[in-house]
Amino acid sequence: MAFLELDGVGKQFGSQTVVDDFSLAVERGEFISFLGPSGCGKTTTLQMIAGFLEPSRGAIRLEGRDLTKVHPAKRGLGIVFQSYALFPHMTAAENVAFGLEMRNVKRNERAKRVGAALAMVGLKGFEERYPRRMSGGQQQRVALARALVIQPSVLLLDEPLSNLDAKLREEMQIELRQIQRTIGTTTILVTHDQNEAMSLSDRIVVMSQGRIEQIGTPQQTYERPASAFVSQFLGKTNDFAANVDRTAQPARLVAGSWHAPAPVGVTDTVTISLRPERISFADSGLAAKIVTRIFQGNHWLFQCETECGPAIVIRQNDGSPQPGEGEAVRLDWRVEDMSLRASGGAA
Amino acid sequence: MAFLELDGVGKQFGSQTVVDDFSLAVERGEFISFLGPSGCGKTTTLQMIAGFLEPSRGAIRLEGRDLTKVHPAKRGLGIVFQSYALFPHMTAAENVAFGLEMRNVKRNERAKRVGAALAMVGLKGFEERYPRRMSGGQQQRVALARALVIQPSVLLLDEPLSNLDAKLREEMQIELRQIQRTIGTTTILVTHDQNEAMSLSDRIVVMSQGRIEQIGTPQQTYERPASAFVSQFLGKTNDFAANVDRTAQPARLVAGSWHAPAPVGVTDTVTISLRPERISFADSGLAAKIVTRIFQGNHWLFQCETECGPAIVIRQNDGSPQPGEGEAVRLDWRVEDMSLRASGGAA
Amino acid sequence: QQKTLYVAGYGGSFEKTIRDEVIPNFEKENGVKVEYVAGNSTDTLAKLQAQKGNQQIDVAIVDDGPMYQAIQLGFCGKLDGLPADLYDAARFKDDRAVAIGLVATGLMYNTKVFAEKGWAAPTSWNDLKDPKYAKQLVIPPINNTYGLEALVMLAKMNGGGESNVDAGFKIFKTDINPNVLAYEPSPGKMTELFQSGQAVIAVWGTGRVQSFANTGFPVDFVYPKEGAATLLTTACPIAKPTTSPLAGSFIKMLLDPKIQLVMLKDYGYGPVLKSLVVPPELGKMAPIGERAAKLYNPDWTVINEKREEWTKRWNREVER
Amino acid sequence: MTAAADTSTQTAETRASWALTLPALMLFVGVLVIPLLMTVMLSFHDWGQYKGIEPVFILKNWQEIASDPYYAEMFWRTFRIALLATLITAVLGAPEAYILNRMSGRWKGIFLLLILGPLLISVVARTLGWALLFGGNNGLVNKLLMSLGLIRAPLPFMFTETGMVVALAHVMMPFMVLSVWAALQRVDPQIENAAMSLGAGAFTIIRRIILPQIMPGVLSGAIIVFSLSASAFATPAIIGGRRLKVAATLAYDEFLNTLNWPLGAAVAVLLLLALVLIVVGSNALIERRYAEVFR
Amino acid sequence: MRTNGPLALTFHALFVVFMLAPIVVVCLVAFTPEGFLSLPVNGFSLRWFRTIASYPEFVHAFWVSLGLGMVSSFVALLFAVPAALAIARYRFRGRDVLAALFLSPLMIPHVVLGIAFLRFFTSLGLGGTFAALLIAHVIVVFPFALRLTLAAATGMDRSVEMAAVSLGAGGFTLFRRVTLPLILPGVISGWALAFIQSFDDLTMTVFLAAPGTETLPVRMFLYIQDNIDPLVTSVSASVIAITMTALILLDRFYGLDRVLAGKGDPGR
Ligand SMILES: Nc1ncnc2c1ncn2[C@@H]1O[C@H](COP(=O)(O)OP(=O)(O)OP(=O)(O)O)[C@@H](O)[C@H]1O
Ligand SMILES: Nc1ncnc2c1ncn2[C@@H]1O[C@H](COP(=O)(O)OP(=O)(O)OP(=O)(O)O)[C@@H](O)[C@H]1O
Ligand SMILES: [Mg+2]
Ligand SMILES: [Mg+2]
């Protein structure tokens, strides 16, 4: 029996179905991320788990007990709301202390833990500040501290780091991972940041329009996407139309001026799917022209026009010289890095 | 004369100085990003430009005219607030239409432009929805559409994409760039996302604790950071202590088992600063052990323990086999990729 | 020629009577518009004081107590050519006002409750002291003429009188107070206390009791054997720099026998004209003829002298 | 220090606030302040049975009020009753507003109206209803309680302070419910969820989370209820009768029955002063205590 | 899942009973066939409703009260809402004094106010005019409009207004399109209380009502001077019936919750 179980859960607002047939079993101590486009039902699902929304269909069970029968206050959840939902009339410290008070933690102990939690999110010195007098990111960190300080057995995080800069975000990610490891907190994270989801999660749930598209480990979902949607949602994908040239010996798979020995069993025309980071600039291969070259810190992003349509290439900013805009290049990739799809299939 | 000029602007809340001596000249049509840690004063600066906060010191000029003398309603600014600030009593369409109404745009024209703006942010079909019935990302997009639809001459964007998934975010980035190019909108973007700032901006303003640390193009700030703070804030940096071995001929710069010919003029002990993406796994070099290996989609992130302390290495996920956790490796880098600093200098 | 004559008087059915029976004729005869300013006596008096020096009202119709005050404060002008037929009690010093109706102050009781309990009808002012009425007695307070007259009557019966009311105060304080449910000046409230069954006996006037009984509620009026006191409804023309002659005419019209009978019928006022013959079916309770003659007329000159002092004493000793 | 800039912000704010309050201020100065000053003047005038009001300046009335314990007792009763009525309305009305706010749209509207309903019928008819319910031995409530055997003798309600407080609380209740309700509209429902997730029970949520945030509404309601109760005339007069005098009934008496306006004016002015002090004081106290909510 | 528990619903039921009991009693009594107030009602009759017809001044007074209440509460809002916004937002010198002044009509017994106004208006030559009555009512209902608007406006999210300003809304447009809708629950509640207060005021109005502009409470008060009979209850019941009908119509065509809670329902 899984620790937390969602069984065919659905939610309707009026006539609109927002979450549909959502089934998921979460093990104790697991770190799960919900990934999906804006409006796909992530927050709604989280709110149902938290008990703030009642599922229209299906059941949610925590350790086998029907959650709808348990009052939200008794579920022992720590929640970070997408809109923070800080108590506007309490200082940062009071906000964080609230959950401890509810658990009758003694004053001394409380002060210590509140101080530690605020320090952890980098808000030492902001104890007496009211939320309305804080910056967006500071407020978000108070919300995070408030949820973490009670050391809940389940953490529900709705875009908890969306307003933090990369550095802080990473510190917080490490913190989250640590808490989950040491206390064994079962964590569900809603995030729009794929890197975040990938680096933190044991498993990722990719959602689209209220439905689950795929559940799997980060690498599974990224490298063996269950659907075109998943593939395109997680990172970028290039699609090239290719065909098999049976006149050559042995038969060749040809895309523009790129070719390779055709794998067995491929039909006449196929689509090559390829992650941009798997493409390299080479002396031979698909002829392309660089349209724009975008600097992105640790890597460069190239938008190219190729013989087979537009393509995106990512190259690590490893200091080697990179082609400039307008330059003609050749794109090459290894056969094992591409995946093939019968042409005409839905993208 | 610059289009928008901030001249020694400062802001205090009570006794706390939140923005200090902020001077910046923005050209017409320029795209500027404010980058900085949470709470460093980005929103405050933006609010002063918008005219919602009065600077405690200094002046803000738009086309040479003192902005404080111009009523905020007359400045022709489009603003996206960090907290969205949607009108809760208006539907999405009404929210977006508001600015057009204020400009007396005719009903037909208005409906057309509102429809187009909502479609652009991917909210076709959500026209009649009230903000409170929308997801976080949908609300943020309404806020974006509301600011863009009036085609303002200056756009102030405060973390406008923080709640959007990568795909949508990228579409929006392209949209923003396009608008800025076609209409010549002067844009100031506050973001916590370095990739976003780097890929969109003409210039980046890096802030820390209310002060400007550096103003420069994305590549300048990333690759020639003006201070240790900038270097560490933009992307990751590894610092290794090294010393010059003058006994060797020619003199060698040595860090653990890594060494290279010492550049001229380096003193005895120095600190090597190095971006993680510039480090490669090699046969010889700094001995290290991989502590964790984190999958991040288009790249892998390795946390290593080296002879000279912890290090981070980023390798493009180009399909080549990567070392596993616990594996012993050697780290190598090119001399021109590192920057040297006299040891003992502030990090 | 003045266009509008402002008459201030009681509201409710009295207003209706005046509007129906007096005003149309008066307007026709004198070519003037009459505006009726409705309000009870104290309201009217307060308006007179507030608008002092700038009076809007031409004729005021109020109870006798407030009328004495109005006269003292110089609000009233002089009346000429009053009919000689008036009861003496209806006349005021210098003819600054005149009574337009007679009322007797006595006792009212709930006949149904009395019958149910087997109590005999009250007969005397002393019955107010009867402990069986505990918390069921209502008396208007002293700033109301009914209450004042009850005080005077009790003082008189116990060796005092207008000039020496100590005895009255003492009885109120020690004997009557325990019985009193409320000192209630508002007639409406009085009837409501009876209707809700909280009160069964009260000090009140014939006019009120008559109209209350007319609603079908089982109450009757008793002329106490020690005598009932006279209470007047009065009218006076208001003194102004240019007092309208029509004010006097209006008041005299109220003394017209026809109107007097109408007021008796509708409002239970005993006529102030001695010679008026009353049809027998009309005044069952009202002080008419014999009963009118036997009424006790308090000495208002003395009372007015002491009234302020009594009020204070009443507030502190009785009503607390 | 940035005194200069701060002052400029301040002057801008001051200018805006005066621009916004000026129309109301002019209305009040033009129409209310002069009558009030006239009343204050009145309280220093002399009065006599025969001479009426004498426009001289004497302290007679104030001395009388100060020296006669009768007035102290009456004011004490006035404020006691007003305070009790305020407490009852706050304790019952605020939770009711909260409950109302959680109802679905339709019921919310209907019940709001039902609660406003009592205000629609004249105070006379309303207290008449009370009298019929509680009055005498025939009162419905007393009959019910007696037939249930809960009480042996009818409870005195009319002409008691209890009765006054209950009736006042009833009359004033809508003021409290509506003010609190207006303030509740601003509270983000997610905040309640946040508290719940941290383990707060329903009662704690109300006390710790909701109440502080709706404090402006409770304060508004309390100020209205307290002021109105302390200056109310009709309900105390009808339910309390004349023996339980409060400041307003006393002023009424002096104004209408005795015609001693100077004394009545002194009572009224004293009541006004006391109320202003109490209200402004508690207002400042609460605004400071919940400063962050009032920002 | 923000629903009321059984405890809350019980409380609510008791509360409603408490609020309605005296009114229900009054309405029941209105149907008595007797000539006096009696309870329990034995028999049922519309006698006292028919009687209203023979008192046209009651009907007239009802219209006067209605008009006076509507106009005075509306005018009071015109003055009170800007003042409330200033008091809610700014901390300026004189703020407390102003707030106290604006509340003072609540704190004076209405007899005193009535006479003070009568003296004042008489000295201006406005004694006994409708204008005087109207102005006095505006003053008396002002505190309700002010306080309730204040309750809604304090702590309001200012960034929404900033957004509107940045989009070019200024001055009155800003107020009408953004600020007002946001504080609407308070403004409407304030209006309702102000209206009711004006509709129900007696003690002050008695002094200021001119011939022909007596309000319903004044009429009823004068009527019950003679005696209280069930006419008072039937008039009250009629007022309630009329109000309820008006509100039900409003609900049908517009939706009460929308009027009272403003647009843009709270969603989840
Ligand atoms: N009203 C206020 N009163 C006092 N201090 C304030 C107020 N508003 C903001 N601050 C403080 O000013 C500093 C700068 O705030 P600001 O909102 O400009 O930060 P920011 O750079 O936008 O941060 P973030 O990325 O977290 O949004 C913060 O430390 C914040 O706590
Ligand atoms: N109260 C509501 N009434 C009606 N529809 C709603 C309501 N709340 C949310 N929705 C709709 O349900 C869908 C899912 O919303 P949800 O908030 O779960 O999205 P999300 O995945 O969290 O998106 P985001 O990443 O933008 O926050 C959206 O299309 C939204 O418009
Ligand atoms: Mg969401
Ligand atoms: Mg910010």
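Labels below follow one simple rule: chain letters A, B, ... track the order of the sequence lines, proteins then strands, and each chain is numbered from 1. Just so it is clear, the model here is predicted, and its values are computed rather than measured.
How far OG1 of C:T215 is from CG of E:L231: 12.5 Å, rounded to the nearest 0.5 Å. Expressed to the nearest 0.5 Å, how far CZ of E:F207 lies from OG1 of C:T44 amounts to 9.5 Å. Within the model, atoms CD of E:E57 and OH of C:Y36 stand 11.5 Å from one another, a figure rounded to the nearest 0.5 Å.
Cation-pi geometry between C:K16 and E:Y55 is satisfied (NZ or CZ under 6.0 Å from the ring centre, within 45° of the ring normal).
No more than 12 heavy atoms of other residues, nucleotides or ligands shown are found within 6.0 angstrom of CZ on E:F74.
Counting only distance, with no hydrogens or angles, the side chain of C:K47 and the backbone of E:V206 share a donor-acceptor pair below 3.5 Å.
E:L222 is not listed as a side-chain neighbour of C:F14, based on a closest heavy-atom distance of 4.5 Å or more.
Smallest separation of non-hydrogen atoms from C:A50 and E:L118: CB-CD2, 3.6 Å. The heavy-atom pair separating C:V37 from E:P211 by the smallest distance is CG2-CG, 3.6 Å.
At a 4.5 Å heavy-atom cutoff, the contact between E:S54 and chain C is made by backbone atoms alone. Proximity to chain E (any heavy atom under 4.5 Å) is restricted, for C:Q56, to the side chain, taken from C-beta onward. Contacts between C:E15 and chain E at a heavy-atom distance below 4.5 Å involve the side chain alone, from C-beta outward.
Listed options C:Q51, C:Q49, C:E35 were ranked by heavy-atom pairs under 4.5 angstrom with chain E; first place goes to C:Q51.
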